[in-house]
2 protein chains.
Amino acid sequence: MTDTHAGVQPLDPRQLGAYFVLREAVSLLEHQVEQQLRADGDISYVQFQLLASLTNAPGPLTMTQLADGVVYSRSGLTYQAGLLEKAGLIARGPTPEDERATQVTITGKGRALVERVLPGHVELSRRLLFDPLSDDDVRHLGDIMTRVRDHMRAQPPRSAAPRKRRPTSPAATQD
Amino acid sequence: MTDTHAGVQPLDPRQLGAYFVLREAVSLLEHQVEQQLRADGDISYVQFQLLASLTNAPGPLTMTQLADGVVYSRSGLTYQAGLLEKAGLIARGPTPEDERATQVTITGKGRALVERVLPGHVELSRRLLFDPLSDDDVRHLGDIMTRVRDHMRAQPPRSAAPRKRRPTSPAATQD
DNA sequence: TATTGTTATACTCTATAACTATA
DNA sequence: TATAGTTATAGAGTATAACAATA
């Protein structure tokens with residue numbers, strides 16, 4: 001990459017390399033996982049995440065709670081929840097405390113699907129991600145990404161809710 | 001769909017945690033980067049990657065070379081290249097040596113766009129990814145993900161994959 | 001008025017298969 | 001026959017805005 005732009009301090013080449021190889025490796029991983037989930041359970045990773053969130057939760061979640069960290073728009077979640085409900089994997093109903101909210105419950109079929117899909121998911125991540133890594137690598141990777149995640153979550157306005165999102169700065173230099 | 005998964009050894013919780021936090025952190029990062037690229041240059045990350053590959057390459061690339069590591073189907077690349085060409089960022093022409101191939105060149109406008117977009121991209125990755133990391137973390141992260149990437153690239157395609165693997169070409173990678 | 005969630009809609013992107021043309 | 005690339009097309013997913021109901 002040419003670094004002939006004045007005014008901005010270029011990123012350390014080591015950082016630049018780490019960033020791009022991270023993106024590349026995760027892209028390859030994502031693609032493979034997507035195939036596995038589709039083949040084993042006919043769901044996407046997003047759908048898996050939603051089911052997994054419900055599985056891990058102590059009880060039903062509202063749509064807003066379910067959206068957190070998985071989806072970046074409310075309508076996106078409504079769309080996905082619609083698919084999951086049509087497939088009989090979740091159920092939606094009223095929330096007693098707040099009549100505006102929707103309570104989302106995972107069904108037995110939904111739990112069964114997670115159980116059916118999880119082994120392959122786990123096996124694949126082991127084969128693709130963990131095979132070439134030592135225990136220490138894994139520990140360090142988890143630690144690093146946890147810090148990064150927490151850092152990012154602390155920084156920007158929270159995701160799935162903002163009323164109005166205005167990306168600033170039009171590109172300035174002509175079209 | 002019928003998956004005989006008797007006796008699957010569960011993943012070490014540390015690995016499971018590392019996997020999911022990796023996916024989560026990268027998802028947040030991707031989303032932010034996508035916004036930055038769209039705001040600063042009206043391109044997607046895939047399009048940025050294609051332009052960056054051409055910028056880094058010593059000369060023009062064929063479509064096949066350009067596809068490597070960025071896109072997972074030929075038609076997907078044709079689609080993206082069509083957009084980039086329509087925007088005047090790349091040019092496509094015949095390849096002298098092989099009349100079947102298409103030679104892709106980046107235009108001055110394309111280079112200018114990369115230059116315009118890169119500072120913000122770099123700045124964002126520093127702020128989101130590298131701020132909470134030490135130099136040692138970055139070194140380790142780059143090392144880990146390089147090994148993972150190389151490992152995945154060496155893997156033979158899995159069951160349902162319609163045999164169309166490309167040979168690894170050294171030209172178009174970013175690190 | 002603000003918030004929860006849905007709907008309508010438009011758009012982006014991906015991927016399979018059929019096709020052309022070269023090798 | 002095999003490979004490079006395009007096209008046609010279908011489907012999945014996303015996001016914005018308008019909307020209704022409730023707080």
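Just so we're on the same page: letters track the sequence lines, and every chain starts at 1.
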Participant: Roughly how far, to the nearest 0.5 Å, is the OG atom of A/Ser134 from the CD1 atom of B/Ile144?
Facilitator: 7.5 Å
Participant: Using nucleotides 20-23 of chain C, report all nitrogen or oxygen pairs with the protein that are shorter than 3.5 Å.
Facilitator:
residue	atom	partner	partner atom	Å
C/dA23	OP1	B/Glu99	N	2.9

Participant: Categorize B/Thr95 for me: base, sugar-phosphate, or nothing, with a 4.0 angstrom heavy-atom threshold over every strand shown.
Facilitator: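 No contact.
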Participant: May I have the distance from B/Arg38 (atom CZ) to C/dC13 (atom C1'), rounded to whole angstrom?
Facilitator: 11 Å
Participant: Do B/Thr105 side-chain atoms and B/Pro60 backbone N/O form a donor-acceptor pair below 3.5 Å?
Facilitator: no
Participant: Do A/Val122 and A/Tyr45 belong together in a cluster built from hydrophobic side chains that touch within less than 4.5 Å?
Facilitator: yes
Participant: Across the strands shown, which category fits A/Gln47 at heavy-atom distances under 4.0 angstrom: base, sugar-phosphate, nothing?
Facilitator: sugar-phosphate
Participant: Would you please test A/Arg126 and B/Asp12 for salt bridge (charged side-chain N to carboxylate O under 4.0 Å, His left out) and show each step?
Facilitator: CA-CA 10 Å; A/Arg126 172 170 21 228; B/Asp12 167 4; over 6 Å; no
Participant: How do A/Ser44 and B/Met63 order along DNA chain D: which one's closest nucleotide is nearer the 5' end?
Facilitator: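 Comparing both residues, the 5'-ward one is B/Met63.
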Participant: Output, in order, the C-alpha distance, side-chain angles, deciding distance and verdict of side chain to side chain contact (heavy atoms under 4.5 Å, CB included) for B/Glu30 and A/Glu30.
Facilitator: CA-CA 12 Å; B/Glu30 284 172 348; A/Glu30 284 172 349; 3.2 Å; yes
Participant: Rounded to whole Å, please give me the gap between OH in B/Tyr45 and C1' in D/dT14.
Facilitator: 20 Å
Participant: Salt bridge check, A/Arg147 against B/Asp137: does any charged N sit closer than 4.0 Å to a carboxylate O?
Facilitator: yes
Participant: In whole angstroms, how far is the P atom of D/dG13 from the CD atom of B/Glu34?
Facilitator: 17 Å
Participant: Looking only at side-chain atoms of B/Thr64, point me to the closest of C/dG5, D/dA12, D/dG5.
Facilitator: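 Looking only at side-chain atoms, B/Thr64 lies closest to D/dG5.
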Participant: Answer whether the closest heavy-atom distance between the side chains of B/Val104 and B/Thr62 falls below 4.5 Å.
Facilitator: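 With C-beta onward as the side chain, the pair stays apart.
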Participant: Measure from CD on A/Glu30 to P on C/dC13 and round the result to the nearest Å.
Facilitator: 16 Å
Participant: Starting at atom CD1 of A/Ile43, determine the distance to atom P of D/dG13, rounded to an integer number of angstrom.
Facilitator: 11 Å
Participant: Between C/dT6, D/dA4, C/dA15, which nucleotide gets closest to the side-chain atoms of A/Arg74?
Facilitator: C/dT6
Participant: Do you know which of A/Leu124, A/Leu128, A/Val33 makes side chain to side chain contact (heavy atoms under 4.5 Å, CB included) with B/Tyr19?
Facilitator: A/Val33
Participant: Atom CD of B/Gln65 and atom P of D/dT3: how far apart are they, to the nearest Å?
Facilitator: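 The distance from CD of B/Gln65 to P of D/dT3 comes to 16 Å, rounded to the nearest Å.
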Participant: Does anything in residues 75-92 of chain A come within less than 4.0 Å of DNA chain C? Heavy atoms only, and list the residues if so.
Facilitator: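 Contacting residues: A/Ser75, A/Thr78, A/Arg92.
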Participant: Among A/Leu51, A/Leu89, A/Asn56, A/Leu54, find the one that has a side chain to side chain contact (heavy atoms under 4.5 Å, CB included) with A/Val114.
Facilitator: A/Leu51
Participant: B/Asp42 has an atom CG; how far is it from atom C1' of C/dT12, in whole Å?
Facilitator: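 Distance check: B/Asp42 CG to C/dT12 C1' gives 12 Å.
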